[in-house]
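If you scroll down you'll find the structure; I have some questions about it.
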Amino acid sequence: MANFSKSQVPQFSVEVYQNAFLPEGGREVNAIVTVTSTGGGTTGGIPLADAAPAYGAGQGPAAAVVLMVDCSGSMDYPPTKMRNARDATAAAIDTLREGTQFAVVAGTHVAKDVYPGNGRLAIADAQTKAQAKQALRKLSAGGGTAIGTWLRLADRLLNSADVAIRHGILLTDGRNEHESPEDLRAALDSCAGRFTCDARGVGTDWEVKEVTGVAAALLGTADIVADPSGLAADFTRMMENAMGKEVADVSLRLWTPVGVEIRFVKQVAPTVADLTARRTEANARAGDYPTGSWGDESRDYHVCVLVPEAGIGQEMLAARVSLILPDPSGAGTPQTLSQGLVRAVWTDDMVASTSINPQVAHYTGQAELAQVIQQGLDARKSGDFDGATAKLGRAVQLASASGNQDTAKLLSKVVDVVDAATGTVRLKAKVAEADEMTLETRSTKTVRVKK
């Protein structure tokens, strides 16, 4: 990662929301940790009026981006799909900030860097953007799909750049049929932590779990573009977001005292992502959880720990949550950007100890919402219609209670809602494939709690 001066590093803040009170014998402590970064990037729709820009207009940290375009044979059906993909990639190239290093990869059962070629990255300016768009016009469809090979080539290209931000954008329209699931998983494991990647599925012939799996492993976003004509607008938004990132490799560090067990660490907004298994040990009592790249934005994390039992009136520090930026050389001391404390206090006040913190309650429901949508859709696909009705009914109930209107609308295309408050629904006899895939792809998107 490139070096930043202190004034250039975005300002991070950590806020902890919890009910610290436990009954006698109580052990489970839950907290929602809100992390906010301000410093001059894109806001992602979050108003940050007081943010002080870290860079001048049109400037930003050194970045490298690789665009991976599916050129398999299925991209010719219909022929407009390939044309839309070329146009979308051209729109993304137009959005590149001057000075950004970039490359275009054509993906089939093999990966080829079609611009600038020969394992190099180009420097974005008017001339190289025009050349890249000219190279795009020569792309044609033919061959198979092996996404792992695309990612490995992107990794090699991005690794050649001495930059702060490394990012990929991947577009596919089909299933990953020309490599094994194990090969794709190995590629994702190899690339994890080296660059972030947004993934998009175009049309309805791709596998949702493959596309969302790429985004989850590489800390990016996943979405469906059912109508290829919408690709250009989506690619432009993705690239604008990538150009707004100002710092990479930020970790959420969780320190816990002796005797405290970590149950889980999850991102819960803007999407649900379980980070528990992605911990790397920092020292004997602390571990780091990756959060990827940041611009001007705010995210929420749910931390759950088990503390040792203690007597009434006792109090302890259950966990310390810090935002850590590694030393770019790998040799120095990591920089602590901000931190917050999670507490446990034992009380005989039943009202205090049984009250559920609103933020914790909200995001517990949002995480369950994502889970029951997946379970309901899986049950529907397997023919378990009673199970699907129960799970999707619960999803409707949770979406309604939490005010997640976007998810509620998507659910209404898969089930007929009889009573949202009780989760009473009927499965629709016919569901458009695009509607079902959109619900599955966007099932992890959450709404933020009103604090």
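Since this is a predicted model, take the numbers as computed values, not measurements.
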Where Ala64 and Leu121 come nearest, the two heavy atoms and their spacing: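 Taking Ala64 first and Leu121 second, the nearest heavy atoms are CB-CD1, 4.3 Å.
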Presence of salt bridge, Arg97 and Glu240, under 4.0 angstrom: no
Check: Tyr289/Arg278 side-chain N/O donor and acceptor closer than 3.5 Å: no
Salt bridge (charged side-chain N to carboxylate O under 4.0 Å, His left out) evaluation trace for Glu368 with Lys391: CA-CA 10 Å; Glu368 184 189 352; Lys391 293 294 184 182; over 6 Å; no
Lys/Arg N to Asp/Glu carboxylate O, Asp113 vs Arg156, below 4.0 Å: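 No, no charged N to carboxylate O under 4.0 Å.
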Side-chain donor or acceptor of Ser190 paired with backbone N/O of Ala186 under 3.5 Å: no
Pairs meeting criterion salt bridge (charged side-chain N to carboxylate O under 4.0 Å, His left out) with involvement of residues 374-390, two or more places apart: Lys209-Asp378, Arg380-Glu436, Lys381-Glu440
Pair listing, salt bridge (charged side-chain N to carboxylate O under 4.0 Å, His left out) test, anchored in residues 356-365, at least two apart: none
Flag, side chain of Ser355 to backbone of Val351, donor-acceptor distance under 3.5 Å: no
Minimum side-chain heavy-atom gap Arg448-Tyr363 below 4.5 Å: yes
Donor-acceptor side-chain pairing of Thr280 and Asp288 below 3.5 angstrom: no
Check: Gln374/Ser443 side-chain N/O donor and acceptor closer than 3.5 Å: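 Side chains of Gln374 and Ser443: pair found under 3.5 Å.
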Asp205/Arg175 under salt bridge (charged side-chain N to carboxylate O under 4.0 Å, His left out): CA gap, chis, key distance, verdict: CA-CA 7 Å; Asp205 293 328; Arg175 292 171 174 81; 5.1 Å; no
Mutual orientation of the aromatic rings belonging to His109 and His178 [parallel < 30°, tilted 30-60°, perpendicular > 60°]: tilted
Aromatic ring proximity His302/Phe264, centre distance under 6.0 Å: yes
Spacing of Arg426 atom CZ and Asp416 atom CG [to the nearest 0.5 Å]: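 Rounded to the nearest 0.5 Å, the CZ-CG separation comes out at 5.5 Å.
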Thr172 versus Arg200, side-chain donor and acceptor atoms under 3.5 Å: no
SB check Asp234 Arg237 (cutoff 4.0 Å): yes
Nearest heavy-atom neighbours spanning Val415 and Leu427: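 It is CG1-CD2, 3.8 Å.
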Val211 side chain near Glu207 side chain, heavy-atom distance below 4.5 Å: no
Donor-acceptor pair between Gln11 and Ser37 side chains, under 3.5 angstrom: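 Checked: Gln11/Ser37 side chains show no N/O donor-acceptor pair below 3.5 Å.
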Arg320 side chain vs Ala286 backbone, donor-acceptor pair below 3.5 Å: no
Side chain to side chain, Val35 and Tyr301, heavy atoms closer than 4.5 Å: yes
Rounded distance (nearest 0.5 Å) linking atom CG of Leu392 with atom CG of Leu439: 7.0 Å
Any side-chain heavy-atom pair of Asn19 and Ile356 under 4.5 Å: no
Side chain to side chain donor-acceptor pair (under 3.5 Å) partners for Glu28, two or more places apart: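 Per chain and number, Glu28 pairs via side chain to side chain donor-acceptor pair (under 3.5 Å) with Asn30, Arg263.
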Heavy atoms from other residues, nucleotides or ligands near NZ of Lys428 exceed 12 (cutoff 6.0 Å):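 Yes, NZ of Lys428 has more than 12 neighbouring heavy atoms, counting only those of other groups under 6.0 Å.
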Reported CD-to-OG1 distance for the pair Glu433 and Thr204, which is rounded to 0.5 angstrom: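 One gets 4.0 Å once the value is rounded to the nearest 0.5 Å.
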Close side-chain approach of Val449 and Tyr17, heavy atoms under 4.5 Å: no
Lys133 vs Asp94, salt bridge (charged side-chain N to carboxylate O under 4.0 Å, His left out): CA-CA, chis, key distance, verdict: CA-CA 9 Å; Lys133 289 187 285 186; Asp94 280 335; 2.7 Å; yes
Side-chain heavy-atom pair Val29, Gln18 within 4.5 angstrom cut-off: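 Touching, per the 4.5 Å side-chain cut-off.
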Non-hydrogen atoms of Met82 and Cys71 that approach each other most closely: CE-SG, 3.7 Å
Arg442 vs Asp406, salt bridge (charged side-chain N to carboxylate O under 4.0 Å, His left out): CA-CA, chis, key distance, verdict: CA-CA 9 Å; Arg442 297 179 183 172; Asp406 289 343; over 6 Å; no
Straight-line distance of Thr100 OG1 to Ile93 CD1, nearest 0.5 Å: 12.0 Å
Heavy-atom donor-acceptor pair, Asn176 side chain to Ile147 backbone, under 3.5 Å: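 A pair under 3.5 Å: yes.
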Side chain Asp227, main chain Gly230, donor-acceptor under 3.5 Å: no
Candidate list Asp300, Thr446, Thr271, Asn404, test side chain to side chain donor-acceptor pair (under 3.5 Å), partner Gln366, passing option: Asn404
Listed partners of Thr444 passing side chain to side chain donor-acceptor pair (under 3.5 Å), at least two apart: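 Once residues adjacent in sequence are excluded, Thr444 has no partner under the side chain to side chain donor-acceptor pair (under 3.5 Å) criterion.
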Residues Ser74 and Asp173: side-chain donor-acceptor under 3.5 angstrom: yes
Closest contact, heavy atoms only, Leu157 versus Ala103: CD1-CB, 4.0 Å
Residue list, side-chain contact (heavy atoms from CB on, under 4.5 Å) with Ala92, at least two apart or on another chain: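 For Ala92 the side-chain contact (heavy atoms from CB on, under 4.5 Å) partners, ignoring immediate neighbours, are Leu67, Phe235, Met239.
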Donor-acceptor contact present, side-chain Ser400 to main-chain Val396, <3.5 Å: no
Separation of Leu369 CG from Leu411 CG (nearest 0.5 Å):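 If we round to the nearest 0.5 Å, Leu411:CG and Leu369:CG are 7.0 Å apart.
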Nearest-0.5 Å distance that lies between atom CD in Gln267 and atom CG in Leu219: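 Those atoms lie 8.5 Å apart.
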Heavy-atom side-chain contact between Met68 and Leu151 under 4.5 Å: yes
Exceeds 12 heavy-atom contacts within 6.0 angstrom, atom CZ of Arg343: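 Not more than 12 within 6.0 Å, no.
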Qualifying side chain to side chain donor-acceptor pair (under 3.5 Å) pairs, either residue in residues 83-92, two or more places apart: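 The answer is none; no pair qualifies.
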Student check: side-chain heavy atoms of Glu15 and Val33 closer than 4.5 Å: no
